[in-house]
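Step one of this worksheet: look at the structure below.
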Amino acid sequence: MAPDVPEKFLKPYDPTATEGAIYKKWEESGYFNPDNLPGERAEAFTVILPPPNVTGTLHVGHAYEDALQDIVIRFQRMRGKKALWIPGTDSAALPTQARVEKDIQKEEGKSRYDIGRDELVKRVTEFAKNSESTILSQVRRMGASLDWSRYAYTMDEARNTAVFTAFKRMFEAGLIYRGNRIVNWDPKGQTTISDDETLYEERDAKLYTFRYSKDFPIPVATTRLETKVGDTAVAVHPDDERYRQYVGQEYDAVFCDVPVHIKIIADPAVEPEFGTGALGVTPAHSQTDWDIAERHDLPRPQVINEYAKMEVEGRLHGKKTAEARELVAEWLQSEGLLEKVEDIKQNVSTSERTGAIIEPLPKLQWWIDVNKPFTIPYSEIPGVASGSETTLKALMRAAVESGAVDMPQEGFRKTYFHWIDNLRDWCISRQIWFGHRIPVWYRGEESTVSETSPGEEWSQDPDVLDTWFSSALWPFSTLGWPEKTADLETFYPTSFMSPAYEILQLWVSRMILMGTFHLGVVPFNIVFIHGLVRAKDGRKFSKSLNNGVDPLLMIEKYGADALRMGLIVGAPLGSDVKFDEQKIKGYKLFANKLWNITRFVLSQDSTGEIKPELKAEFDTMAQDVTKDLEEYRIYMAAEKLYHYVWDRFAAEILEESKGKPEYGATLYYLLENSLKLLHPFMPFVTEEIWDSMPSKKDLLMVEHWPVA
RNA sequence: GGGCGCUUAGCUCAGUUGGUAGAGCACCCCGUUUACACCGGGAUGGUCGCAGGUUCGAGUCCUGCAGCGCCCACCA
């Protein structure tokens, strides 16, 4: 007797009708939390979700990342691991504040100074809260099996404690210092920004060749004439025969009303081929020049202020830089000191956020010293003994070089080392209001590190920390550090980290820095960098191009399973994914195929023996897929399953079985195990089908993986 | 300037340790025989960027070249 097929299978599979209910079932089961998982589970498998910024809504790049990690975590859960995937969101200080400031400007015509610090922080916090819930509901729609009971936000109480503790310990180790250094100053945003937040634009510029005075022996070329009032030296290459005789001489001049004292020095940083081969050294307004001035112990007067206006006596006083440049050119002309003016193309660095031209300025900032030796109390990093002397840079290198952090993609490993080798101190202070405030308090000349005010006369440092400071603690701050929690004991180091290559330096390397310093243990065992999801024409998705794809719309049209498969199949980890709606549509059809296979199989009796040759064939495929998953060839595992199920199981085996009841047991075997293998990739449709399988005991998400 | 990567069918891309080129989509033809028309069957389509080399054998390894892309630096 053929059993009755449940009625739902008589219609095509409808993801929108089932996905919500399935997710609810998963959540209510408690299995997202590894503490509730059935059976003995010795080994932990931990993944932390790269926390999305609370600036907006989920985009297709997040969807891709969610799909990838969910596949990995579901696979490991089914393999019997204590699988934990921690959700969270990032306050992302600068972009979030900038976003809210923009809204306030637009709607109320007010700047942050009109509103004031407390009110602005309040509004940004509110915005973040709203944005947070939007994003989280979207992550759920993807089917992400995240343990919501361990949800973390970079600015919640536990994470604030972690940030404070990390700061304090690094400060006490002498690795955090305050120093005057050249920073990227954004005159429009009135803040320092990191190198990563600047963009270079090619612009037309004039290259002026001039002398400081009639008796000055060497002509100098520059595009920034107005800064020359801040010059303290002229540098030439040590091997440059033309100028060797002048090295060591000093000259006084009055340059456009400003007295200057210029020393001629030799420094290898100078490019003899460029311009006249002599560099006017303006220590306060150029990084290169600052470094040269440091090497030669030169004075470093500041001549441009925070508003990009001249801060000198005489005719340039108070002028904007561009205007001052003209005035200097006129003055040089009238004095007969201007030798040449050429049109050139110049790369100008601008602020990614405000578009303003960056003004390099010396500022008092907080820094993390990556080269300073310190004694590491405890270390599990191979090659770094507990109690030995090391540096942060050395730790970052050792972590990957030793294989403690496995970075299997050779190209990215090379990029990482290249970056480490060129690493400079990390500027961690930002002149904005939203974020973790620097926990340093001042009273006159005194200063102290404290989480709360040490007393009435103390005032706190006005700056906040670079958002990456808190993000860098994420692999252990989410597990309760600095408390010695059971979670930290069980789930650290995390197992698998898969960020986009864009943030290899920004985030991955800094997590390694913080993890190795604070715990003496690397933050993750393996890093698999993934690519970007791009538009079909290969361009990045961006607001300005208006070429964005809303993942929710895709889910509504094709279902989350189809979206997951469409994003995963076809591109190995690390290479970019071209977004193709047709492909997603194809996997919706696949979900329906699976649905109809079930309809047929459920109409058969599960009688007879499982055919050994078909079982063997399946098991070989299953082993293959398992190996692919273990080695993170996720796209390939998905594709193999797709082909097996459609072209082999449905097209051949199932056709062959028609009218032959002895196939029954085989069909059930193949379907049940196909569902298990497909579950990490297409969790919704497989769980929904599983619910109707006669052998079902518990949710498919906690079934045993068919391959040991 | 330094680093990394890509170039395979009309489009998007696979090709895991070198063994006679693959998928999806699109296009064309045929088909509604009860799992599925959200389907089935079939056909067309590639000198694997170019030039050398190693090898019995190269899309796969090596060298050079060209085009494209990304990251980092920022020459005043």
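Numbered from 1 within each chain, the chains take letters A, B, ... in sequence-line order. What's counted below: heavy atoms across the whole structure, side chains too, no hydrogens, waters or symmetry copies.
Note: CG (A/D576) to P (B/C4) measures 18 Å, nearest angstrom. Atom NZ of A/K11 and atom P of B/C36 are 16 Å apart (whole Å). Between the CZ atom of A/R413 and the C1' atom of B/C72 there is a distance of 19 Å, given to the nearest Å. The distance between atom CD1 of A/I653 and atom P of B/C36, rounded to the nearest whole Å, is 19 Å. In this structure, the CZ atom of A/R534 is 12 Å from the C1' atom of B/C68, given to the nearest Å. Separating the CZ atom of A/R599 from the C1' atom of B/C36 is a distance of 7 Å, rounded to the nearest angstrom. Counting to the nearest Å, the P atom of B/A14 and the NZ atom of A/K583 are 9 Å from each other. Residue A/F417 contributes atom CZ, which lies 15 Å from atom C1' of B/C4 at whole-angstrom precision.
In plain terms, the two heavy atoms of A/L298 and A/V281 that are nearest each other are CD1-CG1, 4.5 Å. Heavy atoms only, all atoms of each residue included: A/T686 and A/L675 are closest at CG2-O, 3.8 Å.
Among the protein residues, A/A235 comes within range of no part of the nucleic acid, since none of its heavy atoms lies under 4.0 Å from any strand. When heavy atoms are screened at a 4.0 angstrom cut-off, A/E410 is found touching no nucleic acid atom at all. If you check every strand for non-hydrogen atoms under 4.0 Å, A/V270 touches a base. Among the protein residues, A/K658 comes within range of the nucleic acid bases, having at least one heavy atom under 4.0 Å from a base atom. Base contact: A/K593 has a heavy atom under 4.0 Å from a base atom. Here A/G586 lies out of heavy-atom contact (under 4.0 Å) with every strand. Counting any heavy atom pair closer than 4.0 Å across all strands shown, A/F412 reaches no nucleic acid atom. At a threshold of 4.0 angstrom between heavy atoms, the contacts of A/R424 are confined to the sugar-phosphate backbone, with no base atom among them. Using a 4.0 Å heavy-atom criterion, one finds that A/L654 contacts the bases of the nucleic acid, with or without backbone contacts as well. Among the protein residues, A/T282 comes within range of no part of the nucleic acid, since none of its heavy atoms lies under 4.0 Å from any strand.
Ionic pairing of A/E410 and A/K414 is present here: one or more N-O contacts between side-chain nitrogen and carboxylate oxygen are shorter than 4.0 angstrom. A salt bridge links A/R224 with A/E226: at least one charged nitrogen is closer than 4.0 Å to a carboxylate oxygen. Between A/D561 and A/K588 there is no salt bridge, since no side-chain N of the basic residue sits under 4.0 Å from a carboxylate O of the acidic one. For the pair A/R633 and A/E631, the salt-bridge criterion is met [side-chain N within less than 4.0 Å of a carboxylate O]. In this structure, A/K557 pairs ionically with A/E581, as a charged nitrogen and a carboxylate oxygen lie closer than 4.0 Å.
Considering A/F590, A/F9, A/F684, A/F600 in turn, A/F9 is the only one that fulfils the ring pair (Phe, Tyr, Trp, His ring centres under 6.0 Å) rule with A/W595.
Helical stems involving RNA chain B, defined as 3 or more consecutive Watson-Crick or G-U pairs under 3.5 Å, span B:1-7 with B:66-72, B:10-13 with B:22-25, B:28-31 with B:39-42, B:49-53 with B:61-65.
In the set B/C75, B/A76, B/A35, B/C75 carries the atom at the smallest distance from any side-chain atom of A/T288. Closest approach to the A/K414 side chain among B/C4, B/G24, B/U16 is made by B/C4 (side chain taken as heavy atoms from C-beta onward). When distances run from any side-chain atom of A/H418 to the nucleotides B/C36, B/G2, B/G24, the shortest one goes to B/G2. Across B/C36, B/C38, B/G15, the shortest atom-to-atom separation from the side chain of A/P572 is found for B/G15. Relative to the side chain of A/L589, the nucleotides B/C39, B/C4, B/A14 differ in distance, and B/C39 lies closest. With distances taken from any side-chain atom of A/I597 to the nucleotides B/A14, B/G24, B/A35, the minimum falls on B/A35.
Annotation: B/C6 and B/A76 have their P atoms spaced 33 Å apart (nearest Å). B/C62 and B/A23 have their C1' atoms separated by 30 Å, given to the nearest Å. Across B/U12 and B/U7, the matching P atoms stand 12 Å from one another, rounded to whole Å. Between B/C68 and B/U55, the distance separating the two P atoms is 35 Å to the nearest Å. Between B/G22 and B/U60, the two C1' atoms lie 15 Å apart (nearest whole Å). Remark: the separation of the C1' atoms in B/A9 and B/C25 is 12 Å, to the nearest Å. B/G5 sits 23 Å from B/C74 when the C1' atoms are compared, rounded to a whole Å. When the P atom is used for both B/C50 and B/A58, the distance is 15 Å, rounded to whole Å.
Applying the 6.0 Å contact sphere to NZ of A/K585 captures no more than 12 heavy atoms from other residues, nucleotides or ligands.
An OP1 or OP2 oxygen of B/C38 is reached within less than 4.0 angstrom by no side-chain nitrogen or oxygen of A/W646. Taking 4.0 angstrom as the limit, A/Y558 places none of its side-chain polar atoms (N or O) nearer than this to OP1 or OP2 of B/C38. Between A/T227 and B/A76 there is no side-chain polar atom (N or O) within less than 4.0 angstrom of OP1 or OP2. The side chain of A/R633 contributes no N or O atom lying less than 4.0 Å from OP1 or OP2 of B/U16.
In this structure the side chain of A/L279 reaches within 4.5 angstrom of the side chain of A/D289, judged on heavy atoms.
One donor-acceptor pair, N or O on each side, does fall under 3.5 Å between the base of B/A35 and the side chain of A/E655.
Nearest-nucleotide mapping onto RNA chain B: of A/L207 and A/Y13, the residue sitting toward the 5' end is A/Y13. Summary of the strand contacts: A/F9 and A/S286 both lie near RNA chain B, and taking for each the nucleotide with the nearest heavy atom, the more 5' one is attributed to A/F9.
The CG atom of A/D421 sits 11.0 Å away from the CE atom of A/M396 when rounded to the nearest 0.5 Å.
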